[in-house]
Amino acid sequence: SGQASSYYTADDYYLSEDKGQGYGSLAQKMGFTGGIKEDDFISLVQGVDPKGRFTVQSKITKDKEEHTAGVDFTFSAPKSVSVAALVLGDERLLEIQDRAVKHALDYYEEHYAAARTTVNRVTETEQTHNMLAAMFKHVGSRELDPQVHTHCVVMNMSVKENGDVRAMDFGEGFMNKIPLGQIYRSFYAKEIQNLGYQIESDSKGLFEIKGIPQELIDEFSKRAQQIDERFEELRQEHPNKNYSELRQQACIETRKVKDE
């Protein structure tokens, strides 16, 4: 959590454009449904209620307390959608981004939100159906290309049936992050078609707006090109590593500091 609190506020990346918007039934219960102040955000990342109502149980590692900050789910719109919204100026697509993200978070909260309690080194999990997430919408990639995406920091806290606030069990939700992304994209695709757009989709469930030239998409996809190039290099160097590991490594190795 110490690293996380500094990462999320470095260069004001998460807090510079719009204040993070609290979301989830726990956010409603705790009174964090509007903009989250920086000090409150840092406290929540560290598992401490800014209003002093509770402190989340930390795990003990080598006689030292450690608190996991949470999980950052990032929902990124197809590049053609970002072009239509930010270059062609259809701001309705930005509003759909918000609703699509909330739709996915609602699914996560209903099916995967759970709390864990460890007593005498024995950990038990209880489905809680409540969470607190901080949503941060951004409109540019690290290469300053148009890229609508929303960071959703799901805090490591949830309320059990008996009222105790405990750390989240992120296991099942993290294992289902790919279906969660598909839920987001499916909602997005349906909503933009309701606006009159046509889409083209592939076998992986990815889609683009029909009529946005591929050349334009490629021009505004410098990050994807960087990752693809490094991925191919890594695949030659490590032929036995799986696809996901190599893609993640390529993403990290080509990532530069965010520009203003």
Side-chain angles (χ1 to χ4, degrees), residues 1-9 13-14 20-30 32-33 36 40-50 54-62 64-76 100-136 149-185 242 244-245 247-249 251-252:
S1 61
Q3 291 177 329
S5 61
S6 59
Y7 170 77
Y8 290 132
T9 55
Y13 177 49
Y14 279 71
Q21 299 296 308
Y23 192 73
S25 59
L26 183 55
Q28 293 180 338
K29 184 175 182 179
M30 293 177 60
F32 290 113
T33 54
I36 298 179
D40 291 346
F41 178 78
I42 293 173
S43 291
L44 292 169
V45 164
Q46 295 173 343
V48 178
D49 176 18
F54 63 85
T55 298
V56 174
Q57 176 189 37
S58 300
K59 62 182 179 181
I60 307 298
T61 304
K62 295 181 180 179
K64 181 180 179 182
E65 283 196 7
E66 294 181 356
H67 178 73
T68 301
V71 173
D72 181 351
F73 290 107
T74 303
F75 298 94
S76 189
V101 169
K102 291 177 179 179
H103 177 71
L105 290 179
D106 287 343
Y107 188 92
Y108 180 92
E109 183 173 59
E110 175 62 26
H111 294 275
Y112 304 131
R116 58 180 172 82
T117 304
T118 301
V119 179
N120 296 327
R121 300 184 182 276
V122 177
T123 300
E124 296 182 349
T125 297
E126 175 187 314
Q127 292 296 124
T128 56
H129 312 294
N130 65 80
M131 69 175 190
L132 191 164
M135 300 169 50
F136 301 86
H149 61 286
T150 305
H151 292 274
C152 301
V153 183
V154 180
M155 302 297 177
N156 188 16
M157 57 184 65
S158 193
V159 180
K160 297 175 61 177
E161 187 174 1
N162 65 4
D164 291 343
V165 181
R166 291 291 183 262
M168 290 274 280
D169 185 337
F170 291 109
E172 188 177 5
F174 190 76
M175 289 294 292
N176 286 280
K177 59 183 181 295
I178 293 177
L180 194 66
Q182 190 57 49
I183 289 169
Y184 154 80
R185 284 188 293 273
N242 68 43
S244 297
E245 289 178 343
R247 291 294 296 185
Q248 183 179 25
Q249 185 176 345
C251 179
I252 292 172

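Start at 1 with the first residue, then count along the sequence.
Taking every heavy atom of both residues into account, A167 and V56 meet most closely at N-CG1, 3.5 Å. In this structure, A104 and Y184 approach most closely via the heavy-atom pair CB-CB, 4.0 Å. Smallest separation of non-hydrogen atoms from L105 and M131: O-CE, 3.4 Å. Across all non-hydrogen atoms, the minimal contact from L44 to M157 is O-CE, 3.5 Å. When all heavy atoms of H151 and D72 are compared, the pair lying nearest together is ND1-OD2, 3.2 Å. Closest heavy-atom contact between R185 and I178: NH2-O, 4.4 Å.
A donor-acceptor pair is defined here as one N or O able to donate and one able to accept, closer than 3.5 Å; no such pair exists between the side chain of R116 and the backbone of E124. The backbone N or O of K160 lies less than 3.5 Å from no partner atom in the side chain of T128, so there is not a single donor-acceptor pair. The backbone N or O of M168 sits less than 3.5 Å from a side-chain atom of N156, completing a donor-acceptor pair. With hydrogens and angles disregarded, a donor-acceptor distance shorter than 3.5 Å links the side chain of E126 to the backbone of E161. Remark: side-chain polar atoms of H129 are paired, donor with acceptor, to backbone N or O of E110 under 3.5 angstrom.
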side-chain contact (heavy atoms from CB on, under 4.5 Å) between F170 and V154, worked out: CA-CA 9 Å; F170 291 109; V154 180; 3.8 Å; yes

Residue pair K29, N130: steps toward the side-chain contact (heavy atoms from CB on, under 4.5 Å) verdict: CA-CA 10 Å; K29 184 175 182 179; N130 65 80; over 6 Å; no

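In this structure, M30 CE and M155 CE are separated by 9.0 Å, a value rounded to the nearest 0.5 Å. The line from OH of Y107 to CD of Q182 is 12.0 Å long, rounded to the nearest 0.5 Å. A distance of 14.0 Å separates CE in M175 from CG in L180, rounded to the nearest 0.5 Å. Within the model, atoms CE of M135 and CD1 of I36 stand 10.5 Å from one another, a figure rounded to the nearest 0.5 Å. Atom OG1 of residue T33 and atom CG of residue L132 lie 9.5 Å apart, to the nearest 0.5 angstrom. Here the CD-OH distance, from E109 to Y23, works out to 7.5 Å after rounding to the nearest 0.5 Å.
Under the ring-ring contact (aromatic ring centres under 6.0 Å, His included) criterion, F73 pairs with Y108, not counting sequence neighbours.
F32 places a side-chain heavy atom less than 4.5 Å from the side chain of P50. Using a 4.5 Å heavy-atom cutoff, the side chains of K102 and Q21 are not in contact.
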